[in-house]
Amino acid sequence: MSEILLEGHALGVHGEGVSIAPVDFSLARGGRLTLLGETGSGKSLIAQAIMGTLPSGLAASGELTIEGQAYAAAEGATRRALWGRRLALLPQEPWHALDPTMASGAQVAESHRYLRGLGRRRAREAARRDLVGLGLGLADAEGSLPGELSGGMAQRVAFAAASAGGAPLVIADEPTKGLDAPRRDAVVRLLAATPQRGGALLTITHDIEVARRLGGEVILLRRGRVVERGPAERLLSAPRSDYAKRLLEAEPSRWPAPPPPPATCGEPVVEARGLAKWRGGRALFRDLALSLRPGEIVGVVGPSGCGKSTLGDLLLGLTGTDAGEVKRAAGHRLAFQKLYQDPPAAFSPHWSLARLLDDLVRRHRLDRTAIAPLMTRLGLDRELLARRPGEISGGELQRFAILRVLLMEPRFLFADEPTSRLDPITQRDTLALLVELARERHCAVMLVSHDPALIERLCDRRLVLGQGEAVLAPESLDAQAV
Amino acid sequence: MDAINARRFGSRRFPALGAGLGRVLLPRLLQAGLVAWLVGTLTFVLTRTLPGDMAYRIAAGRYGHDMVDGAAAEAVRTELALDQPALLAYLSWLGDLLRLDLGRSLVSGAPVIEELGHLLGHSLGLAAVALLLSLLLGPPLGLAAGLRPGGALDRVSEAVASLLRALPPFALGLLLILLFSVSLGWLPAAGHGRSAHFVLPALTLALALAAVSSRVARHAMVEVSGSAYYAFSRTKGLGERLSFLRHGLRNVALPIVAYLGVQFVTLIEGVVVVETLFAWPGIGHALVHAIVARDLPMIQGTALLMGLLFVALNTGVDLFCHGLDPRRRQP
Amino acid sequence: MKLSLALGAAPADGWRRLSTRRRLGLVLLGLLLAVAWLTPWLHDADPARQQLTRILESPTLAAPLGTDHLGRDMLARTAAALRLSLDMALLSVVSAAVPGILLGVIAGWRGGWGDRVLGGLADACLALPGLLLVLLLAAIAPGNFWALYVGIALVLWIEYFRVVRARTRVLVASPQLEASRLLGFGPGYLFRRHLWPELAPQVLTLAAFGAASAILAMAALGFVSVGLRPPTAELGLMMTELLPYYHEAPWAMAQPILALCLLVLSLNLLAAKETK
């Protein structure tokens with residue numbers, strides 16, 4: 001007995017510069033549907049079209065059937081009566097979706113009070129049960145303001161607030177954005193509970209792993225068009241379309257095994273002994289010792305907030321140590337460079353790339369002729385030079401950043417999640433180039449990532465920074481090839 | 001479950017109203033001290049830069065021209081400590097200020113404190129009516145405009161606000177006088193006593209304040225209604241009215257109230273010129289008179305009182321924000 | 001040829017990027033500037049010369065905007081008052097902006113005790129409402145343009161300081177600055193390429209607002225007779241002087257009010273940011 005909760009007939013979106021080609025889908029009680037696609041594929045617009053919250057300038061077309069009732073997609077206002085009661089939306093970035101001036105508990109309780117008509121006291125109790133049920137200690141969440149919650153906690157509070165009205169149909173819009181792997185998996189478990197209770201779940205995500213864990217049907221979108229659709233188990237293991245194949249191959253766990261690391265030789269470019277750094281009264285790490293040789297690629301993994309970036313700052317000399325010492329190879333002051341997580345943030349947005357490169361060449365009297373071949377290697381078109389950093393894609397700009405640091409003939413490069421904002425295919429290409437060029441030029445690289453599989457495929461050695469009270473597990477930094 | 005119910009909802013972590021009050025009051029107390037020192041020092045410098053025959057002229061002003069003799073001028077000179085070395089005089093000047101001994105008016109001869117008592121009431125009355133009027137005019141209009149940014153109301157209110165902001169309070173007051181008193185004859189132009197006298201000066205100040213606060217409210221409303229939490233409140237199912245009441249109102253009020261602190265500068269400055277224009281017997285009027293007449297103790301007293309009024313009003317705003325925004329009460 | 005094309009293109013391009021409001025403000029300010037500085041060339045009359053036989057005359061060919069209660073030429077006086085206001089605005093804005101920006105960058109960049117001292121100084125200047133401070137300084141040196149100027153500049157510099165300090169502090173901690181520093185660029189470069197492009201629009205807005213405040217402050221003090229002294233042609237003072245003759249010569253009364261409002265309006269329009 002599969003009662004259909006949500007059905008879309010030729011649901012499309014069009015307007016200012018975007019269009020989503022009409023798509024059909026249906027979601028039965030207990031069903032899971034995942035819209036998978038990279039940023040800019042327009043997948044969030046589909047959620048907004050269903051809710052009826054498209055920004056002005058965009059219009060939906062097609063038909064929707066929600067619990068047997070037909071709606072014209074273009075008339076967004078008709079779904080308002082369903083909000084919270086039949087149709088729940090779990091928002092992107094829950095941190096911003098919670099009222100910053102109201103206690104978290106009250107934001108859950110108000111849903112119980114006004115949607116289910118409970119009295120003030122009973123609504124409070126219901127909210128309390130919700131939060132406890134989601135594994136949030138009362139002291140943690142109930143009286144706290146959203147600004148005091150961690151990303152994972154805020155996500156759970158938002159989930160409780162959105163689902164308190166008892167809506168059977170839940171739409172989750174990028175629910176794992178900005179969460180690290182363990183927290184992401186916790187959110188996925190939370191979402192999976194909805195269909196298990198007899199509801200239905202529509203998830204919108206860019207994360208293949210989320211789609212895989214949720215199961216159900218997957219619709220793969222690219223540039224507003226359906227590329228492929230089918231059951232998650234099939235599509236995510238044996239894709240038929242070209243794009244799906246490339247996308248899956250770009251997952252780090254499927255990258256080809258790395259070649260054996262070349263024998264590293266020469267004096268270490270950077271060494272640390274007895275390194276310690278405290279933040280807020282606790283040690284991020286202490287008694288850390290490491291040494292990097294030319295051409296070596298070392299991965300750094302660990303949960304967010306464990307001090308990965310701080311370690312980089314210490315090695316680059318951007319911040320002081322609390323104990324221990326860092327020794328950099330002498331005579332190469334400018335050969336210690338960094339790649340940033342968010343490429344546009346690492347450039348002044350007001351000048352053309354040609355101007356910025358020219359500044360660098362003049363400042364250090366560099367060889368201008370080295371630029372053109374390097375640009376070809378990095379797959380950067382000459383025309384891009386005339387543009388400003390905000391006017392080219394993130395992948396291109398990160399390759400410009402690589403070009404910029406390579407001109408300095410670096411000995412050590414700290415790459416702080418350099419591809420986490422890029423789509424998987426671009427990520428793979430960019431990292432492969434980075435590693436290849438670094439090896440060729442005998443530059444040691446320390447690569448930070450939240451993805452252990454990625455580190456495993458690329459790096460010669462791995463450094464694990466610990467959790468909580470935590471300290472580096474020193475044995476994990478031996479010379480073993482992972 | 002009982003154990004849970006036993007505790008008041010959220011009482012443990014949610015910041016109580018009194019939390020962190022010291023952080024609000026201490027800087028303001030410091031500011032009050034700074035105001036006193038600044039006013040005291042500036043008026044002291046004033047006493048030292050008086051032209052030589054000033055004591056005679058002040059004495060003439062006080063006792064009449066026929067009565068002035070060396071002794072009377074000497075009395076004034078002693079009162080202003082013009083016969084003492086600068087540093088000593090400065091210290092005793094500040095000492096007097098510290099004891100709230102503001103001296104006697106050189107013009108009327110009455111103690112400054114007494115004079116200030118009368119003046120303060122009049123000024124406070126005017127400021128309060130003006131502020132209330134501006135709050136009734138500005139924010140509601142701004143909120144309505146902010147609900148439909150780019151709409152007719154938004155554009156008209158923006159144009160009017162731009163014009164009003166280009167008109168300084170004295171020019172605005174002048175135009176109001178010319179219109180309502182001179183041309184139409186509806187309202188008295190100047191003076192004090194009847195409630196009709198309140199209308200024009202209060203309206204002048206209120207319009208100047210509302211021109212700004214309506215725009216602040218408009219931007220706050222646009223900001224809040226475009227925020228993710230406002231959208232979430234609506235998709236959560238609370239509906240327009242409840243969303244506005246529970247998540248809109250407080251967040252919109254915060255910037256409006258916070259901006260009041262900035263507007264008090266306009267209010268205090270406005271009081272000086274508007275009282276002078278409408279011959280309103282308040283502190284601002286008295287300050288201008290004292291400056292023209294070089295009545296030093298009165299200059300000090302009125303400037304001090306206005307400065308302290310400014311600090312007190314700002315403290316009020318701080319306390320209000322403190323109560324409104326739980327984030328400010330966090331440790 | 002190519003060069004002249006490029007030169008011609010640049011301002012036109014800048015003009016196109018301006019919002020309607022700013023264009024309007026620029027045109028208005030240009031007109032007022034023209035009136036203020038072209039009048040002495042085109043209309044030969046001394047703003048201070050009294051002609052008691054020709055008081056409160058309506059506009060004529062000899063006196064295009066009429067005469068005041070002492071028979072002085074109104075066009076010459078209004079233009080002179082505009083020049084005075086604009087001089088005050090320019091002087092006080094420049095002398096407030098330069099130290100304000102400089103100290104703001106230093107405080108935001110270096111932090112530490114210097115930052116705290118400067119921050120305290122700014123707070124001290126703000127303890128009193130600005131006009132009150134100017135009033136007390138004006139009382140020390142009555143009728144003196146320079147006392148007014150010092151007071152106004154003393155109030156105005158704080159705004160530059162605060163805005164620039166806050167922005168600098170954010171930028172100094174930003175990846176873009178860190179990246180350039182790692183690439184070996186010095187403070188001059190960092191200021192030119194990273195800080196200034198971010199600060200310039202805000203400084204421009206502050207300058208326009210500051211100019212308006214300076215003009216208003218001087219006029220307000222003139223209006224309540226504690227600013228500049230007669231016979232100076234000053235907008236606030238002119239309003240007070242002409243108020244008693246409102247019935248006989250409304251056009252004379254209207255001139256300083258209109259001049260002041262248009263001046264402030266043009267500056268406010270220039271300062272306006274894009275609103276959504």
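Chain identifiers are assigned alphabetically (A, B, ...) following the order of the sequence lines, protein sequences preceding nucleic acid strands; residue numbering begins at 1 within each chain.
- In this structure, chain B has a heavy atom under 4.5 Å from the side chain of A:Leu115, while its backbone stays farther away.
- Looking only at side-chain heavy atoms (C-beta outward), A:Leu90 and A:Gln155 come within less than 4.5 Å of each other.
- For B:Phe320, the CZ atom sits in a loose shell: 12 or fewer heavy atoms of surrounding residues, nucleotides or ligands are nearer than 6.0 Å.
- At a 4.5 Å heavy-atom cutoff, the contact between B:Arg327 and chain A is made by backbone and side-chain atoms alike.
- Put simply, of B:Val224, B:Leu238, B:Leu324, B:Leu254, the one with the most heavy-atom pairs under 4.5 Å next to chain A is B:Leu238.
- Annotation: maximal heavy-atom pairing with chain B below 4.5 Å, among A:Ala88, A:Gly147, A:Ala161, A:Pro146, occurs at A:Ala161.
- For a residue to count as touching a neighbouring chain, one of its non-hydrogen atoms must lie under 4.5 Å from one of that chain's; by this rule A:Thr53 touches chain B with the side chain only.
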Criterion side-chain hydrogen bond (donor to acceptor under 3.5 Å, both in side chains) on B:Ser157 and B:Arg215, from CA distance to verdict: CA-CA 8 Å; B:Ser157 67; B:Arg215 297 322 284 170; 3.2 Å; yes

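- Between B:Leu267 and B:Leu209, some side-chain heavy-atom pair lies under the 4.5 Å cut-off.
- Of the candidates A:Val187, A:Ile204, A:Leu190, A:Pro175 forms a side-chain contact (heavy atoms from CB on, under 4.5 Å) with just one, namely A:Val187.
- Surrounding CD of A:Glu7 are more than 12 heavy atoms belonging to other residues, nucleotides or ligands, all under 6.0 Å away.
- The parts of B:Arg246 that come within reach of chain A are both its backbone and its side chain, each placing non-hydrogen atoms under 4.5 angstrom from that chain.
- When heavy atoms are compared at a cutoff of 4.5 Å, A:Glu110 approaches chain B by way of both its backbone and its side chain.
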Evaluation steps, side-chain hydrogen bond (donor to acceptor under 3.5 Å, both in side chains), between B:Glu275 and B:Ser123: CA-CA 8 Å; B:Glu275 284 185 355; B:Ser123 285; 2.6 Å; yes

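- Residue contact with chain B, scored on non-hydrogen atoms closer than 4.5 Å, involves the backbone and the side chain of A:Pro100 alike.
- Contact annotation for A:Arg79: neither backbone nor side-chain heavy atoms come within less than 4.5 Å of a heavy atom of chain B.
- A:Glu93 does not touch chain B: none of its heavy atoms, backbone or side chain, sits under 4.5 Å away.
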